[in-house]
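A quick write-up on the structure given underneath.
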Amino acid sequence: MTTKAISALAVVLLAAAAFHQQLAAPARAAYITCPAVLQDMTPCLPFLQGGDRSPSAGCCAGVRSLYEAADTIAERRATCECLKTAYLQVQAQLSAAQALPGDCGLSLPYIITPDIDCNTIE
């Protein structure tokens, strides 16, 4: 996977992770891994890098899958950290990353940014 691909995935996943902030649950060890996060987000690369005008059905399925998997504070924070790391490595269009959750039918209570403090996600 290219560095651009990893970065683009990070932005998308960050959005999904933050959305789970509203669904606070008792903290437990995070089981979500960065490779799993990036795998869910791979179909979103063409959209995040500006090649597609809208996310594909596969992209939105990955975003929803990640959203459903990150059901604890620890998992949402771990997902956020994975996305931030990937974003720092690959160039993605921030506007596409910010639009992705809404384009896939999800609503986030915050704005996606590459410098979000993942420890504030609940």
Side-chain angles (χ1 to χ4, degrees):
M1 184 178 295
T2 67
T3 304
K4 285 186 179 183
I6 292 171
S7 177
L9 291 178
V11 174
V12 173
L13 293 177
L14 179 60
F19 179 73
H20 284 286
Q21 178 177 347
Q22 297 175 344
L23 305 175
R28 64 180 168 158
Y31 71 89
I32 292 179
T33 65
C34 287
V37 168
L38 298 179
Q39 182 177 355
D40 281 345
M41 299 310 300
T42 298
C44 298
L45 291 177
F47 174 70
L48 292 171
Q49 294 174 335
D52 288 352
R53 294 181 138 196
S54 61
S56 67
C59 169
C60 288
V63 171
R64 285 188 204 101
S65 175
L66 180 62
Y67 170 79
E68 292 168 4
D71 64 352
T72 68
I73 292 171
E75 291 161 347
R76 290 186 289 274
R77 289 179 180 177
T79 300
C80 175
E81 291 296 341
C82 290
L83 295 174
K84 280 182 65 171
T85 299
Y87 185 81
L88 294 174
Q89 296 173 359
V90 177
Q91 298 281 329
Q93 294 181 0
L94 184 57
S95 60
Q98 291 174 333
L100 184 60
D103 287 352
C104 289
L106 299 174
S107 176
L108 300 179
Y110 59 87
I111 296 173
I112 298 169
T113 66
D115 59 350
I116 189 168
D117 179 358
C118 294
N119 290 321
T120 64
I121 294 176
E122 295 192 12

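With sequence neighbours excluded, the residues forming a side-chain contact (heavy atoms from CB on, under 4.5 Å) with Ser56 are Pro43, Cys59, listed by chain and number. A search for side-chain contact (heavy atoms from CB on, under 4.5 Å) contacts involving Ser65 returns Asp40, not counting sequence neighbours.
Looking at Cys82 and Leu38, their side chains never come closer than 4.5 Å, going by heavy atoms from C-beta outward.
The distance from atom CG of Leu100 to atom OG of Ser54, rounded to the nearest 0.5 Å, is 10.5 Å. In this structure, the separation between OG1 on Thr113 and CG on Leu94 is 7.5 Å, given to the nearest 0.5 Å. Note that CD1 of Ile116 and SG of Cys80 are 5.5 Å apart. Values are rounded to the nearest 0.5 Å.
The shortest heavy-atom contact between Ala70 and Thr79 is CB-OG1, 4.0 Å. Nearest heavy-atom pair, Arg77 versus Glu122, reported as atom, atom and distance to 0.1 Å: NH2-CG, 4.0 Å. Across every non-hydrogen atom of Phe47 and Asp52, the tightest pair is CD1-O, 3.5 Å. In terms of heavy atoms, Glu81 sits closest to Cys118 at OE2-CB, 3.1 Å. The shortest heavy-atom contact between Ile73 and Ile121 is CG2-O, 3.6 Å. Between Glu75 and Asp71, the closest heavy-atom pair is OE1-OD1, 2.6 Å.
Counting only distance, with no hydrogens or angles, the side chain of Arg64 and the backbone of Cys104 share a donor-acceptor pair below 3.5 Å.
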